[in-house]
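Start at 1 and go down the list; that is how both ligands and their atoms are numbered. Atom set for the values below is all heavy atoms of this structure, side chains included, hydrogens, waters and symmetry mates excluded.
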Amino acid sequence: MPTVTEILETMEYGPAPEASGEVTAWLKARGQFGHFIDGAFTKPGKGFPTANPANGEVLAKVSQGTQKDVDAAVKAARAALPGWSKLAGHERAKWLYAIARHIQKRERFLAVLEVMDNGKPIREARDIDVPLVARHFYHHAGWAEMLEDEFPGAKPVGVCGQIIPWNFPLLMLAWKIAPALAAGNTVVLKPAEYTPLTALAFAEICAEIGLPKGVVNIVTGDGETGAALVASEVDKIAFTGSTEVGRAIRKATAGTGKKLTLELGGKSPFIVFADADIDAAVEGVVDAIWFNQGQVCCAGSRILVQENVAQTFQTRLKARLSKLRVGDPLDKSTDVGAIVDPVQLTRIRELVAKGEAEGAVLHQAEAQLPAKGCFFAPGFMTNVQPANIVSEVEIFGPVATLTTFRTPAEAVELANNSRYGLAASIWSENVNLTLDIAAKVKAGVVWVNSTNIFDAGAGFGGYRESGFGREGGREGMREYLSTPVVKTKPEADAPDLSAAPVPGAPSNGPAPIDRTAKMYIGGAQKRPDSGYSYTVMAKGHEIGLAGLGNRKDIRNAVEAAHKASGWGKATGHNRAQVLYYIAENLSAREAEFAARLKAAGVAKPGDEVATSIRRAFYYAAQADKFDGAVHSTKSAHVTLAMPEPFGVMGVACPDDAPLLGFLSLILPAIAMGNRVVAVPSASMPLAATDLYQVFDTSDLPGGVVNIVTGAKDELAKTLAGHDDVAAIWYCGGPDGAKMTEAESAGNLKVTWTFANRDWHGSDGQGRDFLLRATQVKNIWVPYGE
Ligand code: NAI
């Protein structure tokens with residue numbers, strides 16, 4: 001034991017362990033756990049132990065949920081749904097407040113339990129995780145209170161299956177359960193196999209406060225239990241975890257009608273410009289990648305430093321690294337605790353070793369690691385090429401890569417050189433530069449001169465293969481609500497196009513063919529790659545020919561759309577001007593369009609054209625009015641929630657209302673700045689191809705709208721599988737919807753599949769289309785003190 005004088009001399013920390021007696025007694029009293037179903041714990045079944053990763057000691061045994069357990073939980077949630085969803089928002093709010101209060105009462109207990117099960121430092125569990133859990137329930141109690149006013153007409157989705165990871169066990173539970181309950185849903189949640197204990201303690205809280213039975217159900221188990229939950233009769237799956245499992249869930253839920261949100265991996269850039277406050281940025285790295293042992297989906301794992309300050313930055317980073325204390329997670333002065341499980345530790349070691357074998361140099365803290373337990377000394381890697389495995393793959397451990405850049409443009413290019421798009425941190429004292437870069441990085445969350453800050457009031461979630469959907473705040477609430485569509489019509493059977501392919505020239509039908517429509521790609525009319533057209537029939541007559549598009553046409557159209565990126569940068573006002581112009585030009589040709597629709601056998605052709613014109617005016621009006629929000633989040637920050645276009649969208653249009661259905665989907669997409677590759681009605685494509693001249697005379701830049709005619713499902717399949725398409729809307733039958741969702745799993749594009757609806761009525765237009773045409777980027781900006 002050093003003397004006080006010696007301590008004052010060296011300023012060494014002494015051990016300051018947090019007491020764990022209460023938790024140990026709780027674990028001893030329980031020993032083994034069943035599931036929490038219908039308001040009570042089941043008898044423990046076959047299962048597995050959960051251990052403390054800091055010392056390997058077994059804490060308890062939990063049950064491996066079977067399909068039967070999952071079904072029982074879903075049944076209980078289903079039975080509880082009518083009562084819970086019909087409660088007045090105020091009544092549900094009271095339950096959420098009660099949960100929040102009880103969490104606060106047990107703050108210390110929950111923090112210690114989390115530390116023992118997960119290995120994170122007590123300082124983090126105590127100061128970050130658990131307070132945020134309580135904050136989440138308070139915040140969402142507020143949403144329950146205001147639900148009817150803030151989301152008029154919206155209904156809960158139903159029974160929600162929720163699958164969470166092990167890095168923030170209780171916090172992820174709160175992120176999932178709080179909004180679901182606030183919106184009137186009931187839930188079945190599966191915690192991660194490494195860290196089930198705080199979820200079970202949470203179940204005890206639910207029982208203790210007398211939450212109506214079946215509203216919250218917790219089923220423990222591994223990936224098999226998760227897969228059983230995905231396959232069960234739930235209305236929604238909300239998942240946080242690896243991109244690999246997220247992709248499997250996307251495929252498994254395709255065509256089931258289950259609503260899906262995915263919060264997946266990341267490889268987030270941490271960009272330091274030469275004019276940054278270097279010391280603050282170095283401290284930022286501590287919070288970005290060494291926080292929670294780097295087991296953070298939005299960890300700043302790719303440090304990009306401007307070349308002229310790179311040496312200074314690296315020297316100071318190394319100095320800071322040497323001060324990190326690695327060790328007993330229950331010790332209050334520990335900075336870096338244990339990795340969650342030996343499996344993850346091996347994964348980190350292997351990835352880092354592969355990175356070194358590919359030429360990267362590891363700089364590691366020289367901390368004395370405990371002899372027992374899952375510890376990995378934090379560090380960073382230099383000499384890392386973009387193709388090195390550690391540049392591309394999520395290490396999910398306390399190791400970042402450090403590379404340099406010269407110009408802001410190069411920083412953006414490097415930042416976006418990833419299949420992920422979860423978060424980004426930008427460090428510079430120049431406000432213009434930070435906000436310029438914030439707009440250009442492809443990420444759902446951007447922190448300016450800060451990192452890894454979270455709050456219940458802001459949406460969190462990614463772009464690209466980091467998943468879709470948002471958790472937190474107003475954006476997160478929407479994921480647990482649905483707005484019923486009043487009237488739907490079944491889609492007509494797809495016409496048999498292959499039956500009448502005509503090479504290039506018109507066939508001899510009973511009625512004269514006056515039109516041979518081409519494709520519309522990059523603002524020019526193009527012949528189909530196949531060289532074939534098909535006959536368009538109306539009332540038994542041949543009324544024209546349309547190109548029989550194929551994969552090559554789709555690929556050309558996507559390329560043209562990709563090139564038209566200027567559209568996304570145009571102001572809302574400028575886009576509105578073009579849309580007004582489209583409305584005007586359509587108006588000027590109203591009678592002609594109506595006559596053509598009439599000849600094509602469309603019912604109420606005059607109404608269809610008139611409504612189409614109004615729709616163009618409506619989305620022109622929205623182009624500069626549908627905007628974001630400023631969330632009040634943490635002190636000294638505001639969070640700008642910016643709706644951004646996806647980029648290139650694929651749109652497979654309805655057969656019904658061939659002009660109005662087409663425009664009802666294209667217009668909101670382009671009003672928000674997207675470029676579109678559209679597949680119009682196969683049976684009546686001429687309503688869309690007639691629009692070429694309208695677009696040409698309305699100053700719509702080439703490539704913003706591209707039209708490929710042909711067999712809808714075949715073309716939609718190519719669109720859904722295309723890596724340069726970020727989102728796809730498919731209007732049609734269940735088979736096509738299933739195909740679209742399954743094919744979209746490749747790059748995890750955002751999908752919206754829906755049945756035909758009454759395009760003339762209120763369901764054919766509105767903010768829902770604009771919400772679906774955008775993804776929200778939350779930018780955290782320092783503000784005030
Ligand atoms: P994982 O994705 O397998 O686990 C997350 C959750 O999904 C757990 O509850 C697990 O039981 C469940 N699960 C696993 N397979 C499933 C399936 N087929 N269907 C439904 N649920 C399933 O992640 P894992 O294996 O624990 O970690 C592997 C890597 O994933 C990590 O090294 C890290 O790179 C990444 N990861 C990312 C997370 C994030 O927050 N984005 C969280 C956890 C892991």
Side-chain angles (χ1 to χ4, degrees), residues 47-48 50 53 62 64-65 67 70 117-118 120 161-169 171-173 175-176 188-199 218-232 234 237-253 258 260-268 289 291-299 301 339-352 374 376 389-390 392-399 418-423 444-445 452 454 460-462 464-469 471 745 748:
F48 51 88
T50 179
V62 297
Q64 165 71 7
Q67 183 75 56
V70 167
D117 205 14
N118 167 280
K120 63 174 68 207
Q162 306 182 313
I163 300 168
I164 56 170
W166 39 261
N167 49 350
F168 295 91
L171 184 57
M172 287 302 104
L173 173 148
W175 279 27
K176 296 276 182 288
V188 178
L189 177 133
K190 191 201 82 64
E193 51 271 48
Y194 302 143
T195 54
L197 295 177
T198 43
I218 311 275
V219 178
T220 53
D222 62 11
E224 269 184 41
T225 312
L229 183 54
V230 170
S232 71
V234 292
I237 289 289
F239 172 79
T240 299
S242 61
T243 294
E244 192 191 353
V245 173
R247 196 171 276 127
I249 293 177
R250 167 69 293 181
K251 285 186 189 150
T253 53
K258 287 172 193 165
L260 179 64
T261 45
L262 298 174
E263 202 271 272
L264 310 173
K267 194 77 188 167
S268 300
I289 189 70
F291 166 58
N292 203 27
Q293 297 70 247
Q295 302 167 133
V296 182
C297 51
C298 50
S301 52
I339 303 296
V340 73
D341 189 86
V343 171
Q344 284 299 313
L345 182 61
T346 306
R347 203 186 117 89
I348 296 167
R349 283 185 180 144
E350 284 175 2
L351 272 170
V352 169
C374 300
F376 190 91
I389 190 165
V390 290
E392 291 180 349
V393 177
E394 189 176 34
I395 298 176
F396 227 62
V399 186
S418 168
R419 61 198 176 101
Y420 296 115
L422 191 48
V445 186
N452 273 345
F454 312 102
F460 182 94
R464 298 175 161 179
E465 291 181 38
S466 292
F468 44 77
E471 296 187 293
L748 285 162

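Using a 4.0 Å heavy-atom cutoff, Phe168 is absent from the residues neighbouring ligand 1.
At the top of the distance list for atom 32 (O) of ligand 1, counting protein heavy atoms only, stands Arg347 NE, 2.8 Å. The protein non-hydrogen atom at the shortest distance from atom 15 (N) of ligand 1 is Gly223 CA, 3.4 Å. When only non-hydrogen protein atoms are considered, atom 11 (O) of ligand 1 lies nearest to Glu193 OE1, 2.6 Å. Atom 33 (C) of ligand 1 has Phe396 CG, 3.3 Å as its closest protein atom, hydrogens excluded (heavy atom only).
Note: Phe454 and Trp175 have perpendicular aromatic rings, judged against thresholds of 30 and 60 degrees for the angle between ring planes. Ring geometry for Trp166 against Phe396 counts as perpendicular: the plane angle is over 60°, on a 0 to 90° scale with 30° as the lower cut.
Using a 4.5 Å cut-off on side-chain heavy atoms (C-beta onward), Val219 and Leu229 make no contact. Tyr420 has its side chain within reach of Thr243: a pair of non-hydrogen atoms, C-beta onward, lies under 4.5 Å apart. Within the 4.5 Å cutoff, no side-chain heavy atoms of Pro169 are placed close to those of Ile164.
The Gly265 neighbourhood of ligand 1 comprises atoms 41 (N), with distances under 4.0 Å to a heavy atom of that residue. Heavy-atom contacts of Ala192 reach the following atoms of ligand 1: 9 (O) (cutoff under 4.0 Å). Here is the list of ligand 1 atoms found below 4.0 Å of a heavy atom in Phe239: 2 (O), 6 (C), 7 (O). Within ligand 1, the atoms closer than 4.0 Å to a non-hydrogen atom of Glu394 are 33 (C), 34 (O), 35 (C), numbered from 1 in the order shown. Of all atoms in ligand 1, listed by their number and element, those nearer than 4.0 Å to a heavy atom of Ile164 are 6 (C), 8 (C), 9 (O). Distances below 4.0 Å separate heavy atoms of Ile163 from the following atoms of ligand 1: 6 (C), 7 (O), 9 (O), 12 (C), 20 (C), 21 (N). Atoms of ligand 1 found under 4.0 Å from any heavy atom of Pro165 (numbered from 1 in listed order, with element): 42 (C), 43 (C). Listed by number with element, the atoms of ligand 1 under 4.0 angstrom from any heavy atom of Cys297 are 39 (C), 40 (O), 41 (N).
The distance between the ring centers of Phe468 and Phe239 does not fall below 6.0 angstrom.
Side-chain contact check for Thr240 and Lys176: at least one donor-acceptor pair (N or O, by modelled atom type) lies under 3.5 Å. No donor-acceptor contact under 3.5 angstrom links the side chains of Glu392 and Ser418, judged on distance only. Between the side chains of Thr198 and Asp117, no donor-acceptor pair of N or O atoms lies under 3.5 Å.
Every N/O-N/O distance between Thr240 and ligand 1 stays at or above 3.5 Å. For ligand 1, the polar-atom distance check finds no N/O of Val245 at less than 3.5 Å from any of the ligand's N/O atoms.
There is a protein heavy atom less than 4.0 angstrom from atom 19 (N) of ligand 1. Protein heavy atoms all stay at least 4.0 Å away from atom 25 (O) of ligand 1.
The residue Glu224 has no part lying near ligand 1, judged by heavy-atom distances below 4.0 Å. With a 4.0 Å cut-off on non-hydrogen atoms, Leu264 touches ligand 1 through its backbone and not its side chain. Neither the backbone nor the side chain of Gln295 comes within 4.0 Å of ligand 1, counting heavy atoms alone.
Considering Gln344, Arg247, Lys190 only, the shortest heavy-atom separation from atom 27 (O) of ligand 1 involves Gln344. Nearest residue to atom 29 (C) of ligand 1 from Gly226, Pro191, Ser242 is Ser242 (criterion: closest heavy atom).
Salt bridge Arg419/Glu465: present, at least one basic N to carboxylate O contact under 4.0 Å.
Shown here is Gln67, whose CD atom has more than 12 heavy atoms of other residues, nucleotides or ligands within 6.0 Å.
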So Ile289 and Val399, side-chain contact (heavy atoms from CB on, under 4.5 Å) or not? Walk me through it. CA-CA 7 Å; Ile289 189 70; Val399 186; 5.8 Å; no
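Across all their heavy atoms, Lys190 and Asp222 have their closest contact at CE-O, 3.5 Å.
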